[in-house]
2 protein chains.
Amino acid sequence: MRKGEATRARIIAEAARQAALRGLTGVSLADVADAVGLSKSGLFKHFESKEDMHIAVVESVMDRFGEAVWKPAEARAPGRARLEVVFERWLHWGETEWADSGCPIMALSVELDDQPGPLRDLLHKRLQGWRKTVVREFRALRDPPLSEAEAQAGYFQMKSFILGHSDARRMMGDADAQRSAAAAFDALLDRTARMAA
Amino acid sequence: MRKGEATRARIIAEAARQAALRGLTGVSLADVADAVGLSKSGLFKHFESKEDMHIAVVESVMDRFGEAVWKPAEARAPGRARLEVVFERWLHWGETEWADSGCPIMALSVELDDQPGPLRDLLHKRLQGWRKTVVREFRALRDPPLSEAEAQAGYFQMKSFILGHSDARRMMGDADAQRSAAAAFDALLDRTARMAA
DNA sequence: TGACAAAGTGACCGATCGTGCTCTTTTTAC
DNA sequence: GTAAAAAGAGCACGATCGGTCACTTTGTCA
C-alpha cells in the first residue's frame with residue numbers, strides 16, 4: 001500500500017498542475033494518466049471518480065499553500081513581521097512555484113465561485129480558515145489590538161493586492177507588478193499600524 | 001442580412017453568459033444553440049469555428065464593458081468625479097449585470113493569461129487600452145498632474161480593489177465586500193490627491 | 001516462500017465534442 | 001413576383017470524454 005500512496009500523490013500533483021492551467025473541468029483523465037505514466041483505468045484504482053480526484057486536488061493545493069506561505073511566517077513574531085513574510089511568500093507562491101500556470105487557488109476560486117456543491121464548499125471552508133488566520137495577525141499589528149472590522153479591512157486590501165499583482169503580472173505583462181504590490185502593502189501596514197485607537 | 005446580424009448577436013450574448021459561468025473552453029456549441037433556439041449546424045452560418053466565436057465574445061464583452069462603465073463616467077469632469085463613477089459602475093458591472101456568473105472579464109483573464117494565441121492577444125490589447133484610459137484619469141487627480149508612475153500605482157490599487165471585491169463577494173460570501181471596496185478606494189483617492197508634488 | 005491483496009493493463013461502452021455535408025426554408029433585392 | 005442569397009435543419013463523421021470490467025502483474029506480509 002506504500003506504492004499506491006506515492007502514485008496517488010503523483011497523480012494529484014499532476015492534476016493540480018493541469019488544473020491551474022486549464023481549470024478542473026478542463027483536465028482530462030487521459031492526459032493526467034499519460035503524464036504520470038499510467039493507463040486511464042489505472043487512475044480509477046486511486047479515485048472513485050473525477051470529482052473524487054477534484055476534492056483531493058483542492059485539499060492538496062490548500063495544504064501546499066499552508067506549507068509554502070504560512071509555515072515560514074509562523075516562526076516570526078506575531079503582527080507586522082509575520083504579515084510581511086506572509087505577503088512575500090504569498091507573492092512568491094503564485095509567481096515562482098506556479099510560474100507556468102498562475103496560482104491554482106485563484107483559478108479554482110474563479111472556476112468554483114458560481115458552481116455550488118461540495119467542491120466549492122470545501123474550498124470556501126479552507127479559504128475562510130486562512131482568512132481568519134491572517135485577520136488575527138492584522139489585529140496584532142497595533143497595541144491595543146485593532147478591532148475586528150479594522151483587521152478585516154486590512155485583510156481585504158492585502159488579498160486585493162495579491163490578486164492585483166497576479167492580474168498585472170500574468171495578464172497585463174507588467175514587470176513592475178511585484179514592486180507595485182509590495183509598495184502598496186507596505187503603505188497599508190504603515191497606515192494600519194498608525195491608526196488611532 | 002439584417003436577420004442574421006440579430007441572431008449572431010443573440011448567439012454571442014448567450015455564449016458570453018455561459019463563458020462567464022463555465023469558461024470559454026467549457027461552453028459547448030450544442031448548449032448555446034439550444035439556448036438561442038437554433039440547431040448546432042445553424043451556428044456555423046454565423047461563425048467559421050468555435051474559436052471564431054470566442055473572438056466575437058471577447059470583443060463583445062469588452063464593448064459592453066465600455067458602454068456600462070466608461071460611458072456614464074465620460075459625462076463627468078476629469079479626475080476624481082470621473083474616477084468615482086468608474087469605480088462605482090465597475091463594481092456594479094460585476095455584481096449586478098453578471099450577478100449569476102461574476103465578471104466575465106475576470107473569468108477570461110484567469111482562463112487566458114496562460115494560453116498564448118490570438119485570443120489572449122486580443123484581450124490583452126483591449127485591457128491595455130482600458131488601463132491607459134484609467135491611468136490618464138488618475139493623472140488628472142491632482143494639479144499639477146500626478147507622474148505616470150504615481151498614476152499607475154493608483155490604477156494598480158484600484159483594479160486590486162475591484163478584484164478583491166469580486167473574490168470577497170463571490171467566493172467568500174462577504175456581504176460587506178462592497179463597503180470594504182468603496183472605503184478602500186475612497187481612501188486611495190484621498191491620499192493620492194493629497195500627495196506632495 | 002506462498003498466498004492474498006493491491007496496483008495496473010487493455011478493450012470497450014454510451015455520450016458528447018466540434019465540424020462538414022446536403023437539403024429546405026426564409027429573407028432580401030430587383 | 002421572382003430569383004438569388006442568406007439562414008437554418010438534419011444527419012453523420014471521427015475524436016475524445018468519464019467510466020466499467022475482466023484480467024495480469026506486482027508488492028506485501030505471515
Side-chain angles (χ1 to χ4, degrees), chain A residues 1-60 107-108 111-112 115 117-120 122, chain B residues 1-60 107-108 111-112 115 117-120 122:
Chain A
M1 64 169 71
R2 274 280 165 256
K3 173 87 178 306
E5 286 175 25
T7 305
R8 187 183 150 99
R10 273 169 46 233
I11 296 171
I12 294 173
E14 174 62 25
R17 204 186 64 81
Q18 294 198 21
L21 279 168
R22 311 186 237 283
L24 276 177
T25 307
V27 174
S28 97
L29 298 183
D31 286 350
V32 174
D34 255 27
V36 299
L38 236 65
S39 67
K40 206 171 44 156
S41 45
L43 282 195
F44 283 90
K45 296 291 161 165
H46 301 277
F47 304 96
E48 291 180 0
S49 65
K50 201 191 183 191
E51 198 190 333
D52 187 31
M53 189 183 77
H54 288 171
I55 290 178
V57 166
V58 171
E59 302 261 28
S60 163
L108 289 170
E111 183 177 1
L112 296 176
Q115 309 283 342
L119 203 53
R120 195 206 115 104
L122 169 62
Chain B
M1 62 172 71
R2 272 280 165 255
K3 174 84 177 306
E5 286 175 25
T7 304
R8 187 183 150 99
R10 272 167 48 230
I11 295 171
I12 293 173
E14 176 60 25
R17 203 185 65 81
Q18 295 197 20
L21 279 168
R22 311 187 237 281
L24 276 177
T25 308
V27 174
S28 97
L29 299 183
D31 286 350
V32 174
D34 254 27
V36 299
L38 237 64
S39 68
K40 213 172 32 158
S41 47
L43 282 195
F44 282 90
K45 296 291 161 168
H46 300 276
F47 305 96
E48 290 179 2
S49 66
K50 201 191 183 190
E51 199 190 332
D52 188 32
M53 188 182 76
H54 288 171
I55 290 179
V57 165
V58 172
E59 301 261 29
S60 163
L108 289 169
E111 183 177 2
L112 296 177
Q115 310 283 343
L119 204 53
R120 194 204 115 103
L122 169 62

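Proteins get letters first, then strands, A, B, ... in listed order; numbering begins at 1 in each. This one's a predicted model, so the numbers in the text were calculated from it and none came from an experiment.
Atoms CG (A/D34) and P (D/dT16) sit 11 Å apart, rounded to a whole Å. Spacing between atom CZ of B/R22 and atom C1' of C/dC17 amounts to 14 Å, rounded to whole angstrom units. Atom CG in A/L43 sits roughly 11 Å away from atom C1' in D/dG19 (whole-Å rounding). Between the C1' atom of C/dG18 and the CG atom of B/D31 lies a distance of 13 Å, rounded to the nearest Å. For the pair B/K45 NZ and C/dT19 P, the interatomic distance rounds to 15 Å; values are reported in whole Å. Atom CD1 of A/I11 is separated from atom P of C/dA6 by 16 Å (rounded to the nearest Å). When the P atom of C/dA7 is taken as reference, atom CD of A/E5 falls 8 Å away, rounded to whole Å. With rounding to whole Å, B/D52 atom CG is found 13 Å from C/dT19 atom C1'.
In this model, no side-chain donor or acceptor of A/K50 finds a partner on the base of D/dG18 within 3.5 Å. A donor N or O paired with an acceptor N or O is found under 3.5 Å between the base of C/dG18 and the side-chain atoms of B/K40.
Taking 4.0 Å as the cut-off between side-chain N and carboxylate O, A/E14 and A/R17 count as a salt-bridged pair.
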For A/I11 and A/F47, run side chain to side chain contact (heavy atoms under 4.5 Å, CB included): C-alpha distance rounded to whole Å, both residues' side-chain angles, the deciding distance at 0.1 Å, then the answer.
CA-CA 10 Å; A/I11 296 171; A/F47 304 96; 3.5 Å; yes

For the pair B/R22 and A/T25, evaluate side chain to side chain contact (heavy atoms under 4.5 Å, CB included) and give the outcome as yes or no after the intermediate values.
CA-CA 9 Å; B/R22 311 187 237 281; A/T25 307; over 6 Å; no

Check step by step if side chain to side chain contact (heavy atoms under 4.5 Å, CB included) holds for A/H46 and A/I12.
CA-CA 10 Å; A/H46 301 277; A/I12 294 173; over 6 Å; no

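A/R120 places no side-chain N or O within 3.5 Å of a backbone atom of A/Q115 that could act as its donor or acceptor partner.
Comparing C/dG18, D/dG18, D/dG8 against the side chain of A/L29 picks out D/dG18 as the nearest. For B/F44, whose side chain is taken as the heavy atoms from C-beta onward, the closest listed nucleotide among C/dA7, D/dG8, C/dG18 is C/dG18. Checked against D/dG8, D/dC17, D/dA22, the side chain of B/H46 finds its nearest nucleotide in D/dG8. Ranking D/dC17, C/dT19, C/dA7 by closeness to the B/S49 side chain, first place goes to C/dT19. Closest contact between the side chain of B/S41 and the listed nucleotides C/dT9, D/dG19, D/dG10 involves D/dG10.
Comparing A/S28 and A/E48 by the nucleotide of DNA chain D whose heavy atom lies nearest to each, the residue mapping closer to the 5' end is A/S28.
Counting non-hydrogen atoms under 4.0 angstrom, A/L38 reaches the backbone sugars and phosphates but no base. Counting non-hydrogen atoms under 4.0 angstrom, A/V27 reaches the backbone sugars and phosphates but no base.
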